[in-house]
There are 2 protein chains.
Amino acid sequence: MSVTIKQIAEKAGVSRGTVDRVINNRGHVKPEIEERIQKIAVELGYRPNAAGKALAARKKSFIIGVILCARGNEFFDDILKGIKGAEQEASEFGIQVQVMTMKGYQVEEQLRLMDQLEEQIHFLILNPINDERIARKINDLSEKNIPVITVNTDIEGSQRLCYVGCDYLKSGRTACGILGIATDGKGQVGIAAGSVKILGHNQRIRGFFETQKNRFPDLRILDIIETEDDKETGYAQTLAMLKRHPSMDAVYIAAAAADGVCRAVADWQRQNMESPHPVKIVGSDLTPAITKLLKEEKILGTICQQPWTQGYQSVTLAVHYLVNGQKPDRQYFYMKNEIKIPENL
Amino acid sequence: MSVTIKQIAEKAGVSRGTVDRVINNRGHVKPEIEERIQKIAVELGYRPNAAGKALAARKKSFIIGVILCARGNEFFDDILKGIKGAEQEASEFGIQVQVMTMKGYQVEEQLRLMDQLEEQIHFLILNPINDERIARKINDLSEKNIPVITVNTDIEGSQRLCYVGCDYLKSGRTACGILGIATDGKGQVGIAAGSVKILGHNQRIRGFFETQKNRFPDLRILDIIETEDDKETGYAQTLAMLKRHPSMDAVYIAAAAADGVCRAVADWQRQNMESPHPVKIVGSDLTPAITKLLKEEKILGTICQQPWTQGYQSVTLAVHYLVNGQKPDRQYFYMKNEIKIPENL
DNA sequence: TTGTAGGCGTTATCAA
DNA sequence: TTGATAACGCCTACAA
């Protein structure tokens with residue numbers, strides 16, 4: 001049976017209160033007694049009981065705030081589900097979760113939401129826009145004792161506790177690995193990014209190049225376009241790219257707008273009567289749209305990033321911080337890059 | 001803030017004890033009062049607090065027994081780690097976990113271990129040998145109020161509460177999907193199973209055939225051998241198979257003994273000077289041996305089955321049963337079939 | 001059939 | 001600086 005504070009107190013000949021003060025570094029304990037208690041705790045292998053903590057924590061009633069650029073972006077649905085899942089657990093600690101979503105990536109809007117939440121919350125989970133003003137606001141909150149965790153996208157130059165999300169570099173490498181396998185290392189590849197300015201897409205492309213260089217030297221990357229995460233732009237840009245490079249036989253979609261890209265490929269194949277050949281496509285994430293394309297075998301596979309876990313884990317880390325006062329033990333909580341094909345959906 | 005038994009008691013004008021009796025169906029409550037309390041509980045959306053339950057459960061001190069055919073099989077290391085992870089959680093409920101491992105698959109040995117544990121435990125997690133005597137023993141234990149969960153392998157004709165483990169059919173389908181992609185749907189495939197008598201390997205092969213038929217009609221399955229999960233047998237059988245079918249250009253390893261198979265392929269490629277061609281290999285699971293083969297690019301990829309989660313989840317389900325008296329809500333807890341290539345290790 | 005009281009481990013408050 | 005006490009939500013033995 002595991003060791004309790006009570007047992008330590010008995011063994012040390014002090015009250016439970018004193019042991020609690022020592023264990024949680026609350027001060028107000030005579031140094032020699034502190035030392036004795038520490039020693040006994042280690043000796044007995046004391047591990048705090050989470051259930052006890054949970055019960056005691058209910059008297060405090062903290063609130064965790066969440067801001068996501070999720071409106072009109074179905075990719076975030078799974079992140080939201082993960083947050084909902086953790087909310088149940090948080091409520092056992094008397095902790096509430098307040099989620100706000102915004103549409104698009106306006107810095108002003110995000111700053112406004114942060115200001116608004118500031119009064120009510122004790123912790124912030126943020127899907128940040130990579131802008132200096134946001135970074136400053138994060139630091140501002142941190143100083144006011146509202147720690148921040150970034151989720152899904154990270155931001156440079158801020159004091160966020162940690163980042164929970166995709167390892168975009170690895171995601172790009174994995175995509176290249178799959179296209180390398182599919183084309184016997186000889187693919188003529190085009191890349192469709194959302195915007196090369198978006199940090200994540202940029203890193204995916206870097207990762208793709210890295211693996212191309214190291215492992216598939218005969219694979220060629222012919223072109224990179226930007227879809228602006230928009231179907232129609234994606235369609236037009238992809239079609240133009242295919243016309244520029246008639247030998248292209250593979251496409252990596254490092255962003256949303258997979259529908260547009262796939263439609264362009266299909267149309268081009270229909271038009272390009274003189275030298276028809278298949279174009280192998282690898283996508284990113286697993287939205288309903290992508291699932292459909294997978295099942296219809298319009299794309300070969302897709303590289304996913306555990307969105308549910310991103311939501312769940314960020315809340316769990318916040319709960320752990322609020323209940324135990326413990327910071328996350330590392331800066332980066334990277335998700336797995338899961339490869340999905342029709343067979344293992 | 002979430003609803004507690006106390007709040008329900010106040011609203012219903014009865015004591016907490018009575019509410020507890022109703023909520024947990026302990027009987028000894030006047031029907032009309034029972035009904036009233038039920039109604040209020042639903043109305044208020046009562047959800048029991050796990051922390052409170054955990055604390056109260058500590059007074060009972062249950063023991064969960066685990067039997068695994070894990071000795072000398074490094075695949076089970078991750079399952080054991082998952083069990084260790086859940087043990088921590090279980091100990092907060094005052095529940096202990098007692099693990100026994102055995103080498104090989106002797107029915108007698110497993111029966112002996114089951115007999116031995118029977119006296120001490122309140123729940124059994126079993127990696128069963130698919131034999132009728134084991135099934136009978138499972139039913140025997142169930143009647144003695146020791147429920148059983150099967151892990152990693154299932155058994156027919158028993159009353160185990162549920163199965164936690166790999167969806168072998170899907171695993172085989174996924175392997176075929178990858179080899180289909182890698183060979184442009186035109187591979188000449190050999191399959192290396194451990195033994196076609198092992199249920200899991202058999203299902204993997206069935207899954208592989210299924211996808212071949214439905215999605216890759218031009219892919220041909222030339223031969224199936226049995227490695228008996230032994231390196232040397234695997235080597236010899238594979239070499240013989242390659243000699244029988246010189247056109248073979250892909251191998252699916254549905255079992256352990258990947259080293260032997262890969263060595264045979266390498267040797268054969270060295271010998272077969274007249275018509276050299278690459279042989280693409282897909283494996284199963286992610287043991288240290290397989291990881292090495294992946295990194296050396298001797299195999300293309302491998303299909304994994306979340307062994308850690310198998311261990312963790314089986315214990316969690318047992319804990320949940322013992323603490324809440326609730327049976328798992330389904331018969332099958334299937335793991336994801338994760339595709340691993342060097343880039344997303 | 002129903003209510004009361006004490007305890008599970010931890011923490012906060014108040015008194016000494 | 002330290003100790004005593006009550007509370008968090010749930011369960012159970014015992015009393016009424």
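So that the names make sense, note that chain A is the first sequence line, chain B the second, and so on, each numbered from 1.
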Practice item. Take B:Q305 and B:D285 through the test side-chain hydrogen bond (donor to acceptor under 3.5 Å, both in side chains) and record every step on the way to the result. Key: CA-CA 6 Å; B:Q305 50 167 308; B:D285 304 325; 2.9 Å; yes
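One interatomic measurement links the two molecules: CG of A:N25 to P of C:dA12, which rounds to 14 Å at whole-angstrom precision. Taking atom CZ of B:R58 as the reference point, atom P of D:dT12 lies 16 Å away to the nearest angstrom. The separation between B:D20 atom CG and D:dA13 atom P is 12 Å, rounded to whole Å. Between the CZ atom of A:R26 and the P atom of D:dT1 there is a distance of 15 Å, rounded to whole Å. Following rounding to the nearest Å, A:N24 (CG) and C:dT13 (C1') show an atom-to-atom distance of 16 Å. Atom pair B:R21:CZ and C:dT4:P shows a separation of 11 Å (rounding to whole Å applied). With rounding to whole Å, A:K59 atom NZ is found 12 Å from D:dG9 atom C1'. Atom NZ of B:K60 and atom C1' of D:dA13 are 14 Å apart (whole Å).
For A:Q88, the CD atom counts as densely surrounded, since its 6.0 Å shell holds more than 12 non-hydrogen atoms of other residues, nucleotides or ligands.
Using a 4.0 Å heavy-atom distance criterion, A:K53 is classed as a sugar-phosphate-only contact. Within the 4.0 angstrom heavy-atom criterion, only backbone atoms of the sugar-phosphate kind lie near A:N49; the bases stay farther away.
Of the listed nucleotides (D:dC10, C:dT10, D:dG3), C:dT10 has the atom at the smallest distance from the side chain of A:I5. Closest approach to the B:T4 side chain among D:dG9, C:dT2, D:dC11 is made by D:dG9 (side chain taken as heavy atoms from C-beta onward). Distance from the side chain of B:L55 is smallest for D:dG9 among the nucleotides C:dG6, D:dG9, D:dT5. In this structure, of C:dC8, C:dT4, C:dG9, it is C:dG9 that holds the atom nearest to the side chain of A:A56.
Ring centroid separation for the pair B:F62 and B:F123 does not come in under the 6.0 Å cut-off.
Applying a 4.0 Å cut-off to non-hydrogen atoms, the residues of residues 27-46 of chain A that approach DNA chain D are A:H28, A:V29, A:K30, A:I33, listed by residue number.
For the pair B:R160 and B:Y332, the distance from NZ or CZ to the six-membered ring centre is under 6.0 Å and the angle to the ring normal is within 45 degrees. A cation-pi arrangement is present between A:R330 and A:F333 under the rule of less than 6.0 angstrom and at most 45 degrees off the ring axis.
Nearest-nucleotide mapping onto DNA chain C: of B:A57 and A:N324, the residue sitting toward the 5' end is B:A57.
Between the side chains of A:Q7 and A:Y46, no donor-acceptor pair of N or O atoms lies under 3.5 Å. Neither side chain, B:T150 nor B:N127, offers a donor N or O lying under 3.5 Å from an acceptor on the other.
Applying the 4.0 Å criterion to OP1 and OP2 of C:dT2, one finds that B:S15 has every side-chain N and O outside that range.
For D:dG9, the base has no donor-acceptor partner in the side chain of B:R47 [N/O atoms by modelled type, under 3.5 angstrom].
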